[in-house]
Participant: 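First, the structure itself, so that you have it in front of you.
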Amino acid sequence: MQKTFIHTFLSRALILVLNFGIIIFSTNVWGSQGKGSISMLIADLSIIGFFSNVFVGSITYLTSRYKTADILGVAYIWSIVVGISIPLVVHFSIRPVYDLSYLVLLSVLFSLLTANINYFIGKQDIPKFNLYTILQQGVHLVFLLAAVYIFGFDSLDAYFITLMACYGTLFLVSTVQLYKSAQFSEFSLSGTVIRSMFSYGWKTQLSALMQFMNYRLSFYFLEVYRGIASVGVFSIGVALSEGIWAVSRSLSTILYAKVVNSSDHLESVDAAKVSIKLSFLVTLFFILIILCVPANVYTLVFGAAFHQTKLIFMLLSPGILAIAVSNIIGSYFAGVNRLRILNVKSLVGLVFTVFSSVFIIPEWGIIGACVVTAVSYCLSSGILFWQFYKTTPFKVTDLLPTKHELTLVRQLLRTRK
């Protein structure tokens with residue numbers, strides 16, 4: 001598990017670097033207006049992804065329970081249906097800032113790719129999961145640079161077209177890799193498989209959708225009240241903050257794969273406690289590091305329009321730390337199929353976000369969005385943390401390193417020297 005965590009963490013660190021490479025490139029080429037349009041499409045794509053994940057998201061949990069061809073076949077069909085139908089609803093219910101065809105194609109391709117990646121997680125093939133999460137950023141960046149600097153295609157459309165090419169390429173490559181083990185020729189549309197995937201999937205995705213709205217609802221309020229450029233500015237601060245979740249997401253992925261394949265409850269709890277501690281301490285460390293970076297550095301990197309980036313990060317950081325812990329706890333509860341608490345915590349956070357955004361964001365703009373988001377993060381995370389505290393032998397002091405662990409660190413550092 002330690003080796004897997006190190007590899008996964010390093011892959012997340014690389015993803016973070018690549019992602020910020022894309023952000024820096026896009027803000028310098030298309031400015032806050034273009035970054036706002038990109039952020040809105042990605043937010044809409046993520047919302048559609050939750051509908052796709054009603055079936056696609058349950059693949060990891062059910063990989064060891066049903067034939068690969070059956071669960072992947074159902075997920076592929078659902079991905080295409082949802083990827084075509086839901087974008088039409090989103091497009092005509094929300095003021096569009098991009099072409100509808102981009103949303104449709106990206107929805108289908110991303111969902112198909114996600115299905116394959118979830119299968120790798122279910123098989124505990126974490127190296128392939130790490131590889132494809134890295135390639136999503138790396139291939140896109142390469143395609144984007146080639147489009148702008150080699151082919152001279154520098155309109156905003158280049159961002160979306162290269163992203164489609166990236167998802168399509170990775171889906172084809174990953175399908176070739178799992179083709180033999182999947183045995184697609186044996187696919188049958190089983191009612192039992194469909195019911196199982198739906199039963200597990202809708203519960204997890206209801207929670208995930210509500211939690212995502214906690215993360216992104218401020219984008220829509222800002223777009224309505226302050227314009228698309230304000231979304232671009234706010235999204236940079238959010239991206240910087242959420243980049244800190246690299247550790248938490250690495251650990252939660254490993255923990256989830258371990259828990260769904262384990263029958264030992266105490267072993268699962270112990271793994272969760274270790275992951276919580278690591279996530280808390282490393283996330284806190286990175287937050288303190290970023291807070292030490294001067295504000296003018298962000299202006300130098302992203303441009304003059306992004307002078308509020310450090311302030312946005314400072315306001316969001318308490319919530320970022322809270323989510324880093326709750327991500328781990330949420331993965332534990334999902335792995336043991338205790339999904340009701342995930343829905344409760346997400347619903348509470350969402351209700352707070354909706355009602356507070358109506359009054360705060362029109363008055364305070366970007367700063368108001370930061371306050372609403374941070375409080376929502378802390379509120380929903382607090383509910384999840386309290387439930388974990390009540391139902392497992394966990395103490396708050398478990399977040400702190402023990403004398404034995406500190407001794408091991410010192411010994412490791414001496415060995416390195």
Participant: Has Trp78 got a side-chain atom pairing as donor or acceptor with Asn53's backbone, closer than 3.5 angstrom?
Facilitator: no

Participant: Could you check if a side-chain atom of Asn116 sits within less than 4.5 angstrom of a side-chain atom of Gln177, using non-hydrogen atoms only?
Facilitator: no

Participant: Quick check: do Leu156 and Ile38 have side-chain heavy atoms less than 4.5 Å from each other?
Facilitator: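 Yes; the side chains approach each other to less than 4.5 Å.
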
Participant: Any chance OH of Tyr389 has more than 12 other-residue heavy atoms, nucleotides or ligands included, within less than 6.0 Å?
Facilitator: no

Participant: With a 4.5 Å heavy-atom cut-off, do Tyr332 and Thr392 have their side chains touching?
Facilitator: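 When only atoms from C-beta onward are counted, Thr392 and Tyr332 do touch, with a gap below 4.5 Å.
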
Participant: Taking the ring centre of each residue, are Tyr167 and Phe110 less than 6.0 Å apart?
Facilitator: yes

Participant: Go through it in stages, so that I can follow the logic: the residues are Ile117 and Gln136, the test is side chain to side chain contact (heavy atoms under 4.5 Å, CB included), and I'd like the CA-CA distance, side-chain angles, deciding distance and then a yes or no.
Facilitator: CA-CA 11 Å; Ile117 292 174; Gln136 286 180 59; 3.3 Å; yes

Participant: Please answer whether the main-chain N or O of Asn130 pairs with a side-chain N or O of Thr133 as donor and acceptor at a distance below 3.5 Å.
Facilitator: yes

Participant: Roughly how far, to the nearest 0.5 Å, is CZ of Phe286 from CD1 of Ile320?
Facilitator: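 Here the interatomic distance stands at 14.0 Å.
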
Participant: Please check this pair: side chain of Thr162 against backbone of Tyr159, looking for a donor-acceptor N/O pair closer than 3.5 Å.
Facilitator: yes

Participant: Indicate the atoms forming the closest heavy-atom contact of Val82 with Ser52, along with that distance.
Facilitator: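 Looking at all heavy atoms of both residues, the shortest contact is CG1-OG, 3.4 Å.
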
Participant: Give me the atom names and distance for the closest heavy-atom approach of Lys310 to Cys292.
Facilitator: NZ-C, 4.4 Å

Participant: Among side-chain atoms of Asp157 and Tyr102, is any donor-acceptor pair under 3.5 angstrom?
Facilitator: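 Checked: Asp157/Tyr102 side chains pair up, N/O donor to acceptor below 3.5 Å.
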
Participant: Output, in order, the C-alpha distance, side-chain angles, deciding distance and verdict of side chain to side chain contact (heavy atoms under 4.5 Å, CB included) for Lys123 and Lys128.
Facilitator: CA-CA 10 Å; Lys123 287 293 186 180; Lys128 281 195 178 69; over 6 Å; no

Participant: Side chain to side chain contact (heavy atoms under 4.5 Å, CB included) between Ile24 and Asn28: does it pass, once the steps are laid out?
Facilitator: CA-CA 6 Å; Ile24 292 169; Asn28 281 276; 3.5 Å; yes

Participant: CD1/Ile121 to CD1/Ile59 distance, rounded to the nearest 0.5 angstrom?
Facilitator: 10.0 Å

Participant: Is Ser199 reaching over with its side chain to a backbone N or O of Ser196, donor-acceptor style, under 3.5 angstrom?
Facilitator: no

Participant: Look only at the side chain of Ser317 and the backbone of Met314, and say whether a donor-acceptor pair between them is shorter than 3.5 Å.
Facilitator: yes

Participant: How close do Cys370 and Leu316 get, heavy atom to heavy atom, and via which atoms?
Facilitator: O-CD2, 3.7 Å

Participant: Could you state the interatomic distance from CG (Leu163) to CG (Leu144), rounded to the nearest 0.5 Å?
Facilitator: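 Reported value, rounded in 0.5 Å steps: 9.5 Å.
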
Participant: Do you know the tightest heavy-atom contact between Leu170 and Val139?
Facilitator: CD2-CG2, 4.3 Å

Participant: Just so I know, are the side chains of Leu384 and Ser381 near enough to count as touching, which here means a heavy-atom distance under 4.5 Å?
Facilitator: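 Sidechains of Ser381 and Leu384: no contact.
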
Participant: Is the shortest heavy-atom distance from the side chain of Phe120 to the side chain of Pro127 under 4.5 Å?
Facilitator: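 A side-chain contact under 4.5 Å is absent here.
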
Participant: So does Leu321 get a backbone contact from the side chain of Thr283, meaning a donor-acceptor N/O pair under 3.5 Å?
Facilitator: no

Participant: To the nearest 0.5 Å, tell me how far Ile360 CD1 sits from Ile367 CD1.
Facilitator: 12.5 Å

Participant: Within the 4.5 Å heavy-atom criterion, are Thr169 and Leu135 side-chain neighbours or not?
Facilitator: no

Participant: In this structure, is the centre-to-centre distance between the rings of Phe171 and Tyr76 below 6.0 Å?
Facilitator: yes

Participant: Classify the ring geometry of Phe388 against Phe333: parallel below 30°, tilted from 30° to 60°, perpendicular beyond 60°.
Facilitator: perpendicular

Participant: At what distance, to the nearest 0.5 angstrom, does CD1 of Ile290 lie from OG1 of Thr309?
Facilitator: 11.5 Å

Participant: For Gly382, does its backbone N or O pair with a side-chain atom of Lys345 as donor and acceptor, under 3.5 Å?
Facilitator: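 Looks like no, no N/O pair under 3.5 Å.
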
Participant: Would you check if the side chain of Ser279 reaches a backbone N or O of Ser275 as a donor-acceptor pair within less than 3.5 Å?
Facilitator: no

Participant: Give a yes or no on whether the backbone of Ser107 and the side-chain of Ser111 come within a donor-acceptor separation of less than 3.5 Å.
Facilitator: no

Participant: With distance as the sole test, does Asp154 use its side chain to make a donor-acceptor pair with the main-chain N or O of Val29 at under 3.5 Å?
Facilitator: no

Participant: Side-chain contact test, heavy atoms from C-beta onward, threshold under 4.5 Å: evaluate it for Pro87 versus Ile48 and give yes or no.
Facilitator: yes

Participant: From Ile323 CD1 over to Ser380 OG, what is the distance, rounded to the nearest 0.5 angstrom?
Facilitator: 4.5 Å

Participant: Taking the side chain as every heavy atom from C-beta outward, state whether Thr391 and Ile341 have any pair of such atoms under 4.5 Å apart.
Facilitator: no

Participant: Between Val348 and Phe352, does the side chain to side chain contact (heavy atoms under 4.5 Å, CB included) criterion hold? Intermediate values first, please.
Facilitator: CA-CA 6 Å; Val348 171; Phe352 172 83; 5.8 Å; no

Participant: How close do Ser252 and Ile328 get, heavy atom to heavy atom, and via which atoms?
Facilitator: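 Closest approach of Ser252 to Ile328, heavy atoms only: N-CD1, 3.7 Å.
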
Participant: If I compare all heavy atoms of Leu103 with all of Leu41, which pair ends up nearest, and what's the gap?
Facilitator: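 Nearest heavy atoms, Leu103 then Leu41: CD1-O, 4.3 Å.
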
